[in-house]
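Notes to accompany the following structure.
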Amino acid sequence: MISVKNIYKNFGKLEVLKGVSCEIDKGEKIVVIGPSGSGKSTFLRCINLLEHPTYGEVWVDDDLVTPVDPYLHFDVIKVSDTYKKLFAAAKAQGTGQSDDELSTDIIMKIKREDLLKKHEGKEYHALMKQIYKDNALNINLARQRIGMVFQQFNLFNNLSVLDNITLGPIKLLKKSKAEAEEKAYALLDRIGLRDKANAFPQQLSGGQKQRIAIVRALAMDPEIMLFDEPTSALDPEMVGEVLDVMKELAASGMTMVVVTHEMGFAREVATRVLFMDEGKILEENTPDVFFTQPKNDRLKDFLSKVL
Amino acid sequence: MDFSGKIDRFMVTLIDKGAYTKVLAGLRNTVTIAVVGLLIGIMIGTLIAIIRVVPKNNPVVRVLDKLATVYVAFFRGTPIMVQLLLGYYILFPLLNIKLSSLVVCVLIFGFNSGAYVSEIMRSGIQSVDPGQMEAGRALGFGYGRTMMKIVVPQAVKNILPTLGNEFISLIKETSVVNFVGAMDLYNAFSYIGSSNYEFMVPYLAMALIYIVMVLLITGLIKLMEKRLRASDKR
């Protein structure tokens, strides 16, 4: 349902993600763990484009939400001026390879050495445009299908709890106020906070804020929920109430990607655990294998510290 | 020192000889320049603030942003008196536009205040937690809608009180408009002073009028801040 294809993210000279790929299927609960600075939050934020990947593509179902990355499309590379020049030169040299072999070698060389330039000829740009036109989805529409929960909750401070929850459904999904409020109350009942409907975010505890932030995202009927360290900013006694809501959500079949340090949650809920370090996914597995038989040395080291 | 005698002579000139009309005219000009100037300033300031806070991913915006930077640097970097003189004696005559000195003052004060107001608005918007924008975007709202529905309403609470301070500055700065021949409180009171050969009481009176105006506005701002803070808690 979401595919992340070979994304790189640079902040200036700092490379935060170095080629991350991930297929997320419907109903999966993926937990991403790793030391701080490993790029796991950036990876999550690239899924709904709060960060724009420097290279690579993100697809939501059959819709492309990032620009086209030419390096991911061989047919695009093949019509570039750079490829044509290299191919002609190699042909003239006569290496004895078949055209197909030669072609593959040159594509690999172009990818490896990042040889594509801004201007690669008409045909190249036309094809890039075509691929984009055929697949691109406005990011605002894609985000309506991707719920996100932040470490710092980010409830709208100028709106009441009820308005926080109904703003999206009313303005974006064009629901009637009555319908949106009915749904909001139903969701608030689910987390036991109906009595806070008219409160403002400043009047709530961290745990309450985070549960309401989850509900705000759910009110949009998302197909997938992203959680960016949802319990890291909470007082210890409030972590449980938020995790309970997330566990219930997982049990209801929601597709989830959770960046967290809560290993217990990962073991209990995850269908797949990813370990990230230095901008790469170093290991991924089902939780039972992941926690009992880690293969990667850095993962072993990490687990020995956190478990 | 015959203080009460001085006050008597001042009152005679002010009321019996009709100098109060000059004072009222000066007062009217001061308020006109400050109020209309602030309104123009808010219009220009809003425009510039928008240019300065939106993402710079478009060459037109980048050029506008540079222009706005130069504009703000000029109006914040030169005294308003210099701006008035440049406007009145150079800019408008060069453009062949004939304007009364009062209109020139209103315009120049508006341009000047636009630079300050844009900075007030920019910092007001930028002081809103970026997480608010991210949360709006993550729900699926576009940049503009998130701005209008979420960020600006919160920024207004930072901006309004500071705008009040800007208004106070404008009121006080109007005391330089006589450099281009517009009637203001200084003109009125120095007229009284020179007709009596006594400047102490008129200038004290002038100071009194300024401070009363400023205190009144300060009171209004405090009231407004209280209201805004009350709406925070609810």
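A, B, ... follow the sequence lines: proteins, then strands. Residue 1 opens every chain.
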Contact residues of residues 37-75 of chain B (partner chain A; heavy-atom separation under 4.5 angstrom):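 The residues closer than 4.5 Å to chain A amount to none at all.
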Among residues 132-150 of chain B, which ones touch chain A with a heavy-atom distance under 4.5 Å?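 Listed by number: B/Gln132, B/Glu134, B/Ala135, B/Gly136, B/Arg137, B/Ala138, B/Leu139, B/Gly140, B/Phe141, B/Gly142, B/Arg145, B/Lys149, B/Ile150.
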Taking [atom1] in [X] as the centre, count heavy atoms belonging to other residues, nucleotides or ligands within less than 6.0 Å. Is the count above 12?
X	atom1	value
B/Gln126	CD	yes
B/Tyr186	OH	no
A/Asp189	CG	yes
B/Ile211	CD1	no
B/Tyr116	OH	yes
B/Tyr20	OH	no

Shorter than 4.5 Å, heavy atoms on both sides: which option in [options] has the most such pairs with chain B?
options	value
A/Leu167, A/Leu226, A/Asn48	A/Leu167
A/Arg216, A/Arg143, A/Met220	A/Arg143
A/Asn138, A/Asn154, A/Asn140	A/Asn140

Interface moiety of A/Leu155 toward chain B, non-hydrogen atoms closer than 4.5 Å: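 Backbone only.
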Does anything in residues 168-178 of chain A form a side-chain hydrogen bond (donor to acceptor under 3.5 Å, both in side chains)? List the pairs, not counting sequence neighbours.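 Qualifying pairs, neighbours excluded: A/Lys177-A/Glu181.
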For chain B, which residues of residues 144-153 of chain A have heavy atoms nearer than 4.5 angstrom: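 Expected list: A/Gln144, A/Ile146, A/Met148, A/Phe150.
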